[in-house]
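Remember, it's a predicted structure, so these values are computed and weren't measured experimentally. When reading the values below, keep in mind they use all heavy atoms of this one structure, side chains included, and skip hydrogens, waters and symmetry mates. Order of the sequence lines fixes the chain letters, A, B, ..., with proteins taken first and strands second; residue numbering starts at 1 for each chain.
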2 protein chains.
Amino acid sequence: MAPKTKATIADVARAAGVSTATAGRVLGGYGYTSEAKKEQVLKAAQNLGYRPNALARSLITGTTRTIGVVAGDIQNPFYASVLRGISNVAEANGFGLLITNSDEVQSKEVHSVELLAQKQVDGLIVTPSDTRRARHLHNLRSMGVPLVLIDRAVAGLMVDRVATDNIAAAEQAVRYLIAAGHRRIGIVAELVDEESGGLNAFLTHAIAGDPIESETLYPSWQRLLGYIRAHRIEGLPVDPRLTLRAGSYSAIAAQEIVPHLMTASDPPTALFTTDGTMSEGAMRALSELKLKIPQDLSLICFDDLDWMSFHRPGITTVAQPRLAMGEAAARMLLERIRGEDYPPRTVLMPAELVERGSVARL
Amino acid sequence: MAPKTKATIADVARAAGVSTATAGRVLGGYGYTSEAKKEQVLKAAQNLGYRPNALARSLITGTTRTIGVVAGDIQNPFYASVLRGISNVAEANGFGLLITNSDEVQSKEVHSVELLAQKQVDGLIVTPSDTRRARHLHNLRSMGVPLVLIDRAVAGLMVDRVATDNIAAAEQAVRYLIAAGHRRIGIVAELVDEESGGLNAFLTHAIAGDPIESETLYPSWQRLLGYIRAHRIEGLPVDPRLTLRAGSYSAIAAQEIVPHLMTASDPPTALFTTDGTMSEGAMRALSELKLKIPQDLSLICFDDLDWMSFHRPGITTVAQPRLAMGEAAARMLLERIRGEDYPPRTVLMPAELVERGSVARL
DNA sequence: CTCATATGTGAGAACGTTCTCGCTAAATTT
DNA sequence: AAATTTAGCGAGAACGTTCTCACATATGAG
């Protein structure tokens, strides 16, 4: 029944009494074959338990029907959802998914991209960990490997990209807080990479309303920018002491920094956390400080994580369409793989402010 | 600099003025080569931007350095963590990861396994969606493809397996509740597949203490068994009305069923939820019912999800070593791929009861 | 000096497919 | 009736590697 050794197309051909070419035609579904031989071959294949070797096929067709993904960390709900979105459309189109983690470390990302390229993926979806140095990605482009960026852009790399409209999303959230009467609003953001001149320089520029090249900013910087814009629009000053930088993409970092803000002399009445991880860290800190939400502190988070809906009170949050982002990215990539030749597209997806009970009116 | 077309080993050989065999030797790092030629070849490869084609290599070596994973749903924190564990050891050993979702649907799982097998993965890690019908997995074994099962077993399929010791874990949690004075303890479990005779027959058998073949039980049934054993050990009767079956692996199902229990005439004083998804659904329901934990209801969950630690009160839970499970599975698989030939091993990992504040002493 | 061993090299087969070509026979058009 | 097209099939060349072999050359032992 189940054969001990794998059967090749030649074995099937021999068993069916035809040439490998004919066997290949019926098994591969290309070219002409008579009904009679088709049945013979199919029966022989069935008996031998023939399973096509995708490697050999890919070697000659030049396509693997596999797409490579470099995510930051599969375990992170953001990436997990994005991946699921990618997986959905990949699967629907008969594509496999080769997934790696970069941990937001450039060297790992380079290594991953190299691995995936060697495995001859038909295209890549990457969340670049460095928005400037990206030789490996430029290199891919010059080799003609389709590439789609998620969540972040790379300066000078003109490729398809899908991201959240971070500035608008943050601006909306912060204006919502201001509309509720809040005047001192804290923000806790990752802000991992030094923008030229650092946080202070960025703040003074942004507060002054200087034009800022925001496209290639990291998402957390974009969200900070939205925070600042909301203040400017509403005619409110920005107090730099209210802008908290975690400095790394970790909940612990957020958790450690929040207490400084809340135990200071003039604490904020509302807090805005700029992504799921920061939200989690902040929640840990607030929980330990035994602060009541929203009585002691109003809160708007970023990313709609499971617990935010059943937490009491419900957490008002900016929901990114994570699944849809993954799906959009995969669809764009598949179009490129099919050879469609648009100019590079940027899809900015709107985030939705989900109102729950974590914001008090002052 | 960056070449427009991909260079093959033959191109490199030509440029270096050696044979493809020699070029292959230095590039592939096998056999003898003189220092002089080695340098020539390396330089030529550098100039041409040579990137080895893993497909061609795999076709001849018969190994792809890729392992396939069939998970239920990447988006689910349980699978996300397990996957991360797998990824960690795979990456450390230079293996790639081909990941698919089965959504716990048998037909999708079969399809995934077939896809991965065609792509010639060196081995598979699967969370089987059906513990009985698994022809595709038996088939893999007979073809000599290494296979490791996670979380569940398949009747009659003797392969390496890693899972949580669900019975012991549930027993410990429920005994903990009993020790705290609880006498009416509800359980909300998935229990998706009809065990022979259904839930009632299972209950009567288990309560009577009949020997039960527990190895191939689905995790939720095992945890129910642990719940029953705890009652038996402590000399407490099991009230079938307290055993809630969600019937599907979804938070919504759990959310819908919990209110029936809590608004009944004789509600439990404590609740045990048997996995992360059930916990989430139950929390939703409890939140809507505005029940205070632990004053109105004590609670022990399964799986240590992020929010459980900063929820107020903290949620006491049975923490599965999800990451370690993935790592263990990957390590076992790699051993098999290397050709090590033990008899099939089952690794039952202990879960840890994390005490927080969701259990009241009566 | 001869024989064995280690080091180095290239020609060409192999891996399992798809693809190109040439050949037949039948069907259709001119 | 001749000319073309179409269906059907097989031989054998690709794809880009690794691997096996045969053959050098150098080194050292006896």
Side-chain angles (χ1 to χ4, degrees), chain A residues 3 5-42 44-45 48-66 115 117-122 143-145, chain B residues 3 5-42 44-45 48-66 115 117-122 143-145:
Chain A
T5 174
K6 14 190 101 182
T8 76
I9 221 171
D11 299 328
V12 173
R14 202 173 310 119
V18 298
S19 70
T20 65
T22 311
R25 271 189 280 263
V26 10
L27 262 17
Y30 51 93
Y32 298 114
T33 35
S34 67
E35 276 307 314
K37 304 236 168 185
K38 187 177 281 183
E39 265 184 50
Q40 289 173 45
V41 171
L42 253 25
L48 294 174
Y50 171 74
R51 172 148 47 211
N53 184 329
L55 254 44
R57 171 177 299 168
S58 293
L59 185 57
I60 191 159
T61 60
T63 157
T64 52
R65 292 192 85 76
T66 303
L115 179 83
Q118 290 193 3
K119 290 193 190 295
Q120 309 295 121
V121 293
D122 291 337
M143 302 280 280
V145 181
Chain B
T5 175
K6 15 190 101 183
T8 76
I9 223 172
D11 299 329
V12 174
R14 202 173 310 120
V18 298
S19 70
T20 65
T22 313
R25 271 188 281 262
V26 10
L27 261 18
Y30 52 93
Y32 298 114
T33 34
S34 66
E35 276 306 314
K37 304 236 169 186
K38 188 176 279 182
E39 266 183 49
Q40 290 174 45
V41 171
L42 254 24
L48 295 174
Y50 170 74
R51 172 147 47 210
N53 183 329
L55 254 44
R57 171 177 299 167
S58 293
L59 184 57
I60 191 158
T61 60
T63 158
T64 52
R65 292 193 85 77
T66 303
L115 179 83
Q118 291 193 3
K119 289 192 189 295
Q120 310 295 120
V121 293
D122 291 337
M143 303 280 281
V145 181

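No side-chain donor-acceptor contact under 3.5 Å links B:K119 and B:T66.
Residue A:R65 holds its CZ atom at 9.5 Å from CZ of A:R57, rounded to the nearest 0.5 Å. Considering CG of B:N53 and CD of A:Q118, their distance stands at 9.0 Å, rounded to 0.5 Å. Taken to the nearest 0.5 Å, the CG atom of B:L48 stands 9.0 Å off from the OG1 atom of B:T8. A distance of 11.0 Å separates CG in A:L27 from OG1 in A:T20, rounded to the nearest 0.5 Å.
Between B:I9 atom CD1 and C:dG10 atom P the separation is 13 Å, expressed in whole Å. We find that NZ of B:K119 is positioned 14 Å from P of C:dT17, with the value rounded to whole Å. One can place CZ of A:R14 at 12 Å from P of C:dT17, the figure rounded to the nearest angstrom. The CD-P distance, from B:Q120 to D:dT17, rounds to 19 Å in whole Å. In this structure, the CG atom of A:D11 is 10 Å from the P atom of C:dC15, given to the nearest Å. Atom-to-atom, CG of B:N53 to P of D:dT18 comes out at 10 Å; the value is rounded to the nearest Å. Going from atom OH of B:Y50 over to atom P of D:dG16 covers 10 Å, rounded to whole Å. When the C1' atom of C:dA14 is taken as reference, atom CG of A:L55 falls 15 Å away, rounded to whole Å.
Side chain of A:I60, nearest nucleotide from D:dT17, C:dT17, D:dG16: C:dT17.
Pairs of residues two or more places apart, or lying in two chains, never qualify as side-chain hydrogen bond (donor to acceptor under 3.5 Å, both in side chains) while including a residue from residues 26-39 of chain A.
Remark: A:Y30 is not in phosphate contact with C:dC19, judged by side-chain N or O atoms under 4.0 Å from OP1 or OP2.
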Tabulate atom names and distances for all N/O pairs under 3.5 angstrom spanning the protein and nucleotides 9-12 of chain D.
unit_1	atom_1	unit_2	atom_2	d
D:dC9	OP1	A:S34	OG	2.9
D:dC9	OP2	A:S34	N	2.8
D:dC9	OP2	A:S34	OG	3.3
D:dG10	OP2	A:S19	N	2.9
D:dG10	OP2	A:S19	OG	2.9
D:dG10	OP2	A:T22	OG1	2.2
D:dG10	O5'	A:S19	OG	3.4
D:dG10	N7	A:R25	NH2	2.7
D:dG10	O6	A:R25	NH1	3.3

